[in-house]
Visitor: 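Before anything else, here's the structure in question.
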There are 2 protein chains.
Amino acid sequence: MDRYDAGAMTTPLVPPQSDRVLMGPGPSNPYPEVVAALGRPMLGHLDPDFLALLDETNDRLRAVFSTANPLTFPVSGTGSAGMEAAFVNVVAPGSTVVVGVNGVFGERMCDVAARCGADVARVEAPWGSPLDPQALLDAHPSPDVIALVHAETSTGVRNDVAEVGAALQATDGPLLLVDCVTSLGGIPVEVDGWGADLVYSGTQKCLGVPPGLAPLTVSARAQGRLLERPQSWYLDLNMIARYVGGDGGRAYHHTAPISMVYALHAGLGVVLAEGLDAAHERHQACGDALQGGLEDLGLELFAEKGHRLPQLTSVWIPTDRLPAGMDDAGARRALLDRYGIEIGGGIGAFAGRVWRIGCMGHTARPRNVLLVLAALEELLSS
Amino acid sequence: MDRYDAGAMTTPLVPPQSDRVLMGPGPSNPYPEVVAALGRPMLGHLDPDFLALLDETNDRLRAVFSTANPLTFPVSGTGSAGMEAAFVNVVAPGSTVVVGVNGVFGERMCDVAARCGADVARVEAPWGSPLDPQALLDAHPSPDVIALVHAETSTGVRNDVAEVGAALQATDGPLLLVDCVTSLGGIPVEVDGWGADLVYSGTQKCLGVPPGLAPLTVSARAQGRLLERPQSWYLDLNMIARYVGGDGGRAYHHTAPISMVYALHAGLGVVLAEGLDAAHERHQACGDALQGGLEDLGLELFAEKGHRLPQLTSVWIPTDRLPAGMDDAGARRALLDRYGIEIGGGIGAFAGRVWRIGCMGHTARPRNVLLVLAALEELLSS
C-alpha cells in the first residue's frame, strides 16, 4: 500500500486551462515562441549545447541591458532573488546604503539591505511621485551603495536613474544599484550609459517570459568590490561567475533551471528581433492609449503626470461608480470571471484604493488595451 | 537605431534540439506530462485557479514526503536554494550545527551553516561510505540542529536517516534537517516517520521535472523555532507561509514561478498515479540492473555495498580500458556525441576517477539501462 492520501488521486492530472489576458503587475502573457521553448528537450547543465545556449542568452541580456558587463546572467530565482543577489554580494555589516523609497519595492530594498547588516539611509518621496535624484546624492557623505527602483511596480512611477548615475560617474564613490524588474524591455534601460553597477530584472514583465529568473548584470567596478564570502551561498556571485562563464570557467555551482533559461533565451530573441526601440515604442503606445482611455472614462490616474510608466498604469478606483454592493476585490473578480482579464489591486497603503493595470511583453498589444477599456466601461455601467 | 549587438540577431531563435538520454546526476528526462504542463496558459500568482493548483501541488508534496506538515511547498529556486532556506531560517550566529559529511553536499551544508554564523561540528565518513548515525548523535551534547544528506549525489551513497531520527524523537532536542534532493521519489522518504524537521528536495531528479524548484517541508516543531527575521528576505519562511497558505493567508511575497509549479504539479501527479511504492520499485529494479550490468562488464562500483543508491550509481572509471588517447572527459563526450547519452563525472577528490550514472524519474526505464550498458560495452571495446 502506498502512503499518500487517496484524495490526491481523485483530482485530474491536468486541471482546467484558464486562458487569461494578464493585465496585472505581472506576470504578463508570455510570447508564443517562449511557450514553445519551455517544452524543448531537456539538457544537462554542463552539456555543451546548453552552455552555448546560456552564453547566447547572456549575450542577449547584455544587448537588452545595454551593457558590455562580462558578468551578466539570469539568477536562478524570481526578481526578488535578483534584488537579494545584488545587495548581499556588496553589503556587509556596517556598510552604508542609501535607498530611495517611494513604493513597496524601495521598502523591500531597505529590508534586504538591513538584513545584510547595513546602516540604511532612507530617502523618501510620496507614493505616486518620483524620487528626487539630488536628495539621493545628498543623503550621506560617503555611502557604499545608492539604490533605487527604476520602475516602481507598486505605483506606476518612473524614477530618474540617469541623473543619479551622471553625478556619480566622475567619482569612484558609491556603487549604483538599480531595480529594473518592471522596466527592462518596456522602457529604455541604459546600464552602461547610466554608469550603474548592479542592475537586476525579472522575466515576467516586459520580457514576456514566465516568472522564475532574475536577469542580473554587474559592472567591473562592482565585481572588484564583491564580498569574498557573502552570507548567501546560493547567490554567491564569485562562485556563480565560475559557472556562468564571466571568467571563462564552467565550475558546477548549482543546477541551472534549464527550461526557464530556454524560455528566457526565446523571449529575448523575440524582443531583439522586434528591435529594442520598437518594443519600447509599442509599450509606450499601449500605455498612452490606456491612460488616455481611462481618463476618457472619467477615471483619475494615480501616478504624477510626467513620471508615469507606460507599461504599468495606476488608477484610483472609481468606488462610487462600481455596481451596487461591489468592492475592489469584487470588481477585479468580475473582470476575471466575465472577461478573463486580470488587473492588479493596490498594495501597501493603497490596497483597495488603486488598481494597477499592466500592459507588458506579449500583452502589450492595442487590442488588449481596447479590450480592458471596453470591459471596464461595461462593468462601470452595469 | 537599436543599441544591441547585431551579432545577437544572426543566430536562430530556436537552436538545434538535442535529444538526450539524461543519465547524469540530474537533471533527468522529464515525464511527457510534465513537458505538456510547462506550456499551459499563464496565470497570475494570485489568480484563484493558480492558488487552487498550488494548494493541490502542496498536497501532492505532502503525499510524496509522507508528511502532514502544513508548511510544505516548493521554494522558488533550485535544490541548493532549498538547502539555504532550511538552514537560514533556524540557524543564527552562535547556533551549533552538527553536519554529516561524506560528500560534496554535506560539505555544502557546512558552508551554508557557517555563513549563517553557526558553530559547525563536522562528522565525517570516507566518500563512498555511509555516515555513522551514532557519531552524529554523539558529536555535541546539545546541538541546535543535526543535518545530513539522505542520498549523497556526489558518491551514490545512502545515509541512514531513520536511526538518527528515532534517537531524537524522545527528546525535545535538536532539529533534524535532511537533504532529500536525490532521494525524493526514488527511495522511501518518511518525513513524519523519521521525525525530521526540515526536509528539502529538488525537482530534477526522481520527480522527473525540470530543475528550478526545491520542495520543502517544515515540521510544526521547526515552525515554532523559525527565526523572526532570517538574514535572507527571499527565503524568509514566515513571510512565505503567509502566501503559500501554511497559515491560511495569501499575502504577496514574491511572484511564484508559475510554469515551474505547473510542471511540478504534473510530475507529482505522474508519480502518485504510478504509486509511490511502484515508483520506488522501478528505481530499485533499474539500479539493480545497472549495477549488476556494470559489474558484468568488469567495472568496479565505488559506493560501499549495502549502502548504494539505486537511482545514482558511482563506478570507478576503467581508465586502462578506454580507447587509446581517450580520457574521462573524452569518454563522456563520446557517449554524448555517439549515442546522445549523458553520464556524470566525479566531483571533488574523485573528479576524473569516478563516473556517476543516474537512472531517475522518467529516465528510470529498463530500456535506458540496456542502452547505457550496451553503449559502454561498445565504447570500451572500440
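Nothing here was measured: the structure is a model prediction, and the numbers come from that model. In what follows, every heavy atom counts, from backbone to side chain, and hydrogens, waters and symmetry copies are set aside. All chains are named by letter (A, B, ...) in the order of the sequence lines, taking the proteins before the strands, and each is independently numbered beginning at 1.
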Visitor: What are the two closest heavy atoms between A/G212 and B/P257, and how far apart are they?
Guide: CA-CB, 4.0 Å
Visitor: Of the backbone (N, CA, C, O) and the side chain (C-beta and beyond), which part of A/R62 lies under 4.5 Å from a heavy atom of chain B, both, or neither?
Guide: neither
Visitor: What closest approach, in Å, do B/S232 and A/R115 show between heavy atoms, and which atom pair accounts for it?
Guide: O-NH1, 3.4 Å
Visitor: Measuring from atom CZ of B/R20 to atom CG of A/D47, what distance do you get when rounded to the nearest 0.5 angstrom?
Guide: 4.0 Å
Visitor: In Å, rounded to the nearest 0.5 Å, how long is the span from OG of A/S154 to OH of B/Y252?
Guide: 9.5 Å
Visitor: A/A52, A/S259, A/A81, A/P210: which one forms the most heavy-atom pairs within less than 4.5 Å of chain B?
Guide: A/A81
Visitor: Looking at B/R229, B/H254, B/R333, which makes the most heavy-atom pairs under 4.5 Å with chain A?
Guide: B/R229
Visitor: What residue, out of B/D111, B/I258, B/V35, has the most heavy-atom pairs lying under 4.5 Å from chain A?
Guide: B/D111
Visitor: Checking heavy atoms, do the side chain of B/P230, its backbone, both or neither come under 4.5 Å from chain A?
Guide: both
Visitor: With a 4.5 angstrom heavy-atom cut-off, is it the side chain or the backbone of A/S28 that approaches chain B, or both, or neither?
Guide: backbone
Visitor: Hey, what do you get for NE2 (B/H253) to CZ (A/R108), rounding to the nearest 0.5 Å?
Guide: 6.0 Å
Visitor: Counting only heavy atoms closer than 4.5 Å, note whether A/Q231 contacts chain B via side chain, backbone, both or neither.
Guide: both
Visitor: Is it the backbone or the side chain of A/L22 that comes under 4.5 Å from a heavy atom of chain B, or both, or neither?
Guide: side chain
Visitor: Report the option among A/G344, A/P30, A/G44, A/G77 that has the most heavy-atom pairs separated by less than 4.5 Å from atoms of chain B.
Guide: A/G44
Visitor: Which bit of A/R332 is near chain B, if near means a heavy-atom gap under 4.5 Å: side chain, backbone, both or neither?
Guide: neither
Visitor: Under a 4.5 Å heavy-atom cutoff, which of A/P211, A/S76, A/G26 has the most pairs with chain B?
Guide: A/P211
Visitor: Can you say whether A/H45 sits under 4.5 Å from chain B via the side chain, the backbone, both, or neither, judging by heavy atoms?
Guide: both
Visitor: Begin from the C-alpha positions of A/T78 and B/Y234 and carry the test side chain to side chain contact (heavy atoms under 4.5 Å, CB included) through to its verdict.
Guide: CA-CA 9 Å; A/T78 70; B/Y234 187 62; 3.3 Å; yes
Visitor: Relative to chain B, which segment of A/A256 carries a heavy atom at a distance below 4.5 Å: side chain, backbone, both, or neither?
Guide: backbone
Visitor: With rounding to the nearest 0.5 Å, note down the distance linking CG in A/D236 to OG in B/S80.
Guide: 12.0 Å
Visitor: So how far is it from A/R40 CZ to B/L38 CG, rounded to the nearest 0.5 Å?
Guide: 12.5 Å
Visitor: Could you look at B/L336 and say if it's the side chain, the backbone, both or neither that has a heavy atom under 4.5 Å from chain A?
Guide: side chain
Visitor: Kindly compute the distance separating CG (B/L213) from CE (A/M260), expressed to the nearest 0.5 Å.
Guide: 10.0 Å
